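Read the structure below first, then the notes.
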4 protein chains.
Amino acid sequence: MTDTPHRRGADRTEAIMRTTLELGQEIGYAKLSIEAVAARAGASKQTIYRRWASKAALLLDSLLSPNEPGLDYPDTGDIMADLRAQIHSAVDLLAEPPFGPLFRALIGEAQHDPQIAAALNERFIAPQADKTVARLRTAREQGQLSPDFDLDLAMAILSGPLYFQLLITQEPLTHAYVDQILDALFAGMGPR
Amino acid sequence: MTDTPHRRGADRTEAIMRTTLELGQEIGYAKLSIEAVAARAGASKQTIYRRWASKAALLLDSLLSPNEPGLDYPDTGDIMADLRAQIHSAVDLLAEPPFGPLFRALIGEAQHDPQIAAALNERFIAPQADKTVARLRTAREQGQLSPDFDLDLAMAILSGPLYFQLLITQEPLTHAYVDQILDALFAGMGPR
Amino acid sequence: MTDTPHRRGADRTEAIMRTTLELGQEIGYAKLSIEAVAARAGASKQTIYRRWASKAALLLDSLLSPNEPGLDYPDTGDIMADLRAQIHSAVDLLAEPPFGPLFRALIGEAQHDPQIAAALNERFIAPQADKTVARLRTAREQGQLSPDFDLDLAMAILSGPLYFQLLITQEPLTHAYVDQILDALFAGMGPR
Amino acid sequence: MTDTPHRRGADRTEAIMRTTLELGQEIGYAKLSIEAVAARAGASKQTIYRRWASKAALLLDSLLSPNEPGLDYPDTGDIMADLRAQIHSAVDLLAEPPFGPLFRALIGEAQHDPQIAAALNERFIAPQADKTVARLRTAREQGQLSPDFDLDLAMAILSGPLYFQLLITQEPLTHAYVDQILDALFAGMGPR
DNA sequence: AACTAATCGAGACGGTACGTCGTGTCTTACA
DNA sequence: TGTAAGACACGACGTACCGTCTCGATTAGTT
């Protein structure tokens, strides 16, 4: 009932992360500053520095913490359909605002900040990849894939082109494109 | 006989780009500053700003201008062997110092600078991809690939996993890995 | 008849000085720059630096050259009336736009530029003072002033308060104020 | 017991002003830069800009703050002697290093910076003039001067020639010259 | 009338300083 | 004790002019 006292701990943490996302979506990663987050959140810079080591670390937390429970992917028995659904929803998250641009910026930051690269992998990339690999493994165990099917390689061939399009050519990422890749992967494009 | 016109100008341009590469390799992209480049090159900041719009634009030019004539790739008639050679040499350039880390930083910058993204695509990514596509087209024309072989899709499936490894998982990029992908692409990994 | 060729010598000199006055009156001394004068006059900076050593020297010339022939002061035989007329017209020049503010700025510059101080004295202050002293001398020779009348001191007592008001208190300089000083000087304000 | 509040602040303020005076005396007003003051004082430029709006404002404070309590002038009953003493000591301050040249530069700056002009008047010129006027008023009240004696006019006639000599002719300002003016003022230099 | 030398405009260049921004650390006072 | 507020040193930003310089093009004198 006290009138806006100094909230503490988790309270402040959440408020700061919320503000970070807001600001990040408004002005973009490049112009985002800890200074501005502190000002808008009514927090002192010290309070932010006490919790996060850098702008990127703050943003990473801000992006992931609401979602961290993560999406569960289906296992309908149809490996192709399940994979398609899985990747479609990953693409939807990565390619669309509000998260898409900030995610891309974070991957950008990972190119000169090994800590961010590691955290990003541990907390987002790897879990995501693990789900794909797990679904593939089930399929292999059920005899839907050959016994020597390379799970990691398949995952890389499915993910790589998506990130290539997302980060390098920066053209729109469509479900149709995902389907093309899935088909090509399984059908092969071999010489006659 | 050829007396380069604007001798003064081109001279400075080259000196600045050379210094940028040196400094970039010494201290990394994040710590690289136009201030420092100017100081080390004995140039004024204005002279740099007159030519380049940003640190990233300067680095892009500095990285590409020495190589711009570009590598020529072989056409021995054996599409698999030629592709393998082509991609191996691209990987060697991208993954190894001195260019690798700076290239990665530049791709990072492209995530929040559309101008850099465009320039990077036009001057490096697209030409590189074009060479791969061109070699594939020749093979298709010679009947080594099926008439409905999707050239761009193949290129994406070959490049994507490499960039994924380079930018996301940041694990070492080996020739063996390239070969795995090539094999998988042509053989297919389809369900039984 | 040729269409705007590169004019030379005196032509350019005059154009530059005219532009200097214009610009100076528009934006004030502080913001006046040789760069801007060159641009507006369609002259190269070199052409200006060839003729003048500094912004202040350029402005001094620009202010004085149109007037240099100078005002001639009357000798009606009435020393009080003549002095009054003389000083009134000096005050009108000094205190009013467009010349007043630029003159003041120039005197300001003379406080840290001995060359300007010297030039200002030689070309404006001293000639002006000489005319006053000359008129006083005539009056003394004609017996209107006592034989031991100190001409320079009188000149200083007449001029000083005007410059004090102009430069220090920066309150408006009126003819009435001039008259007060003239009266006080000749009448004395002595103790009873 | 008096624990200066804002200890950190006042500390820096004083250090910066001290450095400003030092540097100003060493290299002169024209070459004095906020950059250099910051460097020598071990302060950041922000810290200076937080307190002062310009180089001139900083110098004004630096010059005045040590003296602000100001000199007290004598009242021996002899108006001529007291005025003489008062003006002699003002002249000594204004004309001599270390303060003289910097004061002159500041008056110069006041010619194109109204804020400085106002501050200079309020904090130095006016208080100084007030003391002279006050002493004259006492003399008038005591009947040593005629009842219609114009105090402000007298002050202007005493001060003006000094500033004229200081700022315009820039010849040495001697006590003897002051005495000449005092004598002339009270005796008058009138026509026969 | 052609040639030479001076002069011009344009503007690149190395500098210096500007005034601003954000960093990460710190101190102070409050709750 | 944890906090908001914000001072602080630092480093870099991007800009403005400085005074010097090179570059062709133009224009006078000289031949």
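Order of the sequence lines sets the chain letters (A, B, ...), proteins ahead of strands, with each chain counted from 1. Since this is a predicted model, take the numbers as computed values, not measurements.
- Between Ala53(B) and Ser54(C), the residue whose closest nucleotide on DNA chain F is further toward the 5' end is Ala53(B).
- Between the side chain of Arg12(B) and the backbone N or O of Ala41(B) there is at least one donor-acceptor pair closer than 3.5 Å.
- In terms of heavy atoms, Ser54(D) sits closest to Ile34(D) at C-CD1, 4.3 Å.
- Counting only heavy atoms from C-beta on, Tyr49(C) has its side chain closest to dT20(F) among dT20(F), dA9(F), dG19(E).
- The nucleotide whose nearest atom lies closest to any side-chain atom of Arg12(C) is, among dG22(E), dG14(E), dG9(E), dG9(E).
- In the interface, the side chain of Gln46(B) is paired with the base of dA16(F) through a donor and an acceptor atom under 3.5 Å apart.
- Checking the phosphate oxygens (OP1, OP2) of dG9(E), a side-chain nitrogen or oxygen of Thr47(C) falls inside 4.0 Å.
- Counting any heavy atom pair closer than 4.0 Å across all strands shown, Ala38(B) reaches no nucleic acid atom.
- The residue Ala36(B) sits apart from the nucleic acid: no heavy atom pair falls under 4.0 Å.
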Sequence neighbours left out, cut at 3.5 Å: what donor-acceptor pairs do the side chains of residues 104-113 of chain B make with other protein atoms?
{"unit_1": "Arg104(B)", "atom_1": "NE", "unit_2": "Gln111(A)", "atom_2": "OE1", "d": "3.0"}
{"unit_1": "Arg104(B)", "atom_1": "NH2", "unit_2": "Gln111(A)", "atom_2": "O", "d": "3.3"}
{"unit_1": "Arg104(B)", "atom_1": "NH2", "unit_2": "Gln170(B)", "atom_2": "OE1", "d": "3.3"}
{"unit_1": "Glu109(B)", "atom_1": "OE1", "unit_2": "Tyr29(B)", "atom_2": "OH", "d": "3.2"}
{"unit_1": "Gln111(B)", "atom_1": "OE1", "unit_2": "Arg104(A)", "atom_2": "NE", "d": "3.0"}
{"unit_1": "Gln111(B)", "atom_1": "NE2", "unit_2": "Leu167(A)", "atom_2": "O", "d": "2.9"}
{"unit_1": "Gln111(B)", "atom_1": "NE2", "unit_2": "Ile107(B)", "atom_2": "O", "d": "3.0"}
{"unit_1": "Asp113(B)", "atom_1": "OD1", "unit_2": "Gln115(B)", "atom_2": "N", "d": "3.0"}
{"unit_1": "Asp113(B)", "atom_1": "OD1", "unit_2": "Ile116(B)", "atom_2": "N", "d": "3.3"}

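- Applying the 4.0 Å criterion to OP1 and OP2 of dG9(E), one finds that Arg40(C) has every side-chain N and O outside that range.
- Rounded to whole angstrom, the span from the CZ atom of Arg51(A) across to the C1' atom of dA4(F) amounts to 13 Å.
- For the atom pair OG of Ser33(A) and CZ of Arg40(A), the computed distance is 11.0 Å after rounding to the nearest 0.5 Å.
- The side chain of Glu35(D) lies closest to dA17(E), out of dA17(E), dA4(F), dG9(E).
- Rounded to whole angstrom, the span from the CD1 atom of Ile48(C) across to the C1' atom of dC17(F) amounts to 13 Å.
- One interatomic measurement links the two molecules: NZ of Lys55(B) to P of dG11(F), which rounds to 16 Å at whole-angstrom precision.
- With rounding to the nearest 0.5 Å, the separation of OG1 in Thr20(A) from CG in Asp61(A) is 9.5 Å.
- For Asp11(B) and dG14(E), the CG to C1' distance is 15 Å, given to the nearest whole Å.
- Rounded to the nearest 0.5 Å, atoms CD1 (Ile48(D)) and NZ (Lys55(D)) are 12.5 Å apart.
- At whole-Å resolution of the value, CD in Glu14(B) and P in dC13(E) are 13 Å apart.
- Atoms CZ and CG, from Phe103(B) and Leu120(B) in turn, are 7.0 Å apart once rounded to the nearest 0.5 Å.
- Among residues at least two apart or in separate chains, salt bridge (charged side-chain N to carboxylate O under 4.0 Å, His left out) pairs with a member in residues 28-37 of chain A are Glu35(A)-Lys45(A).
- Between the C1' atom of dA10(E) and the CD1 atom of Ile16(C) lies a distance of 14 Å, rounded to the nearest Å.
- Here Arg50(A) reaches the OP1 or OP2 of dT3(F): one of its side-chain N or O atoms lies under 4.0 Å away.
- Against DNA chain F, the stretch residues 24-34 of chain C makes heavy-atom approaches under 4.0 Å through Ser33(C), Ile34(C).
- Spacing between atom CH2 of Trp52(D) and atom C1' of dA7(F) amounts to 14 Å, rounded to whole angstrom units.
- Scanning atom types as modelled, one donor and one acceptor separated by under 3.5 angstrom connect the side chain of Lys45(C) and the base of dG19(F).
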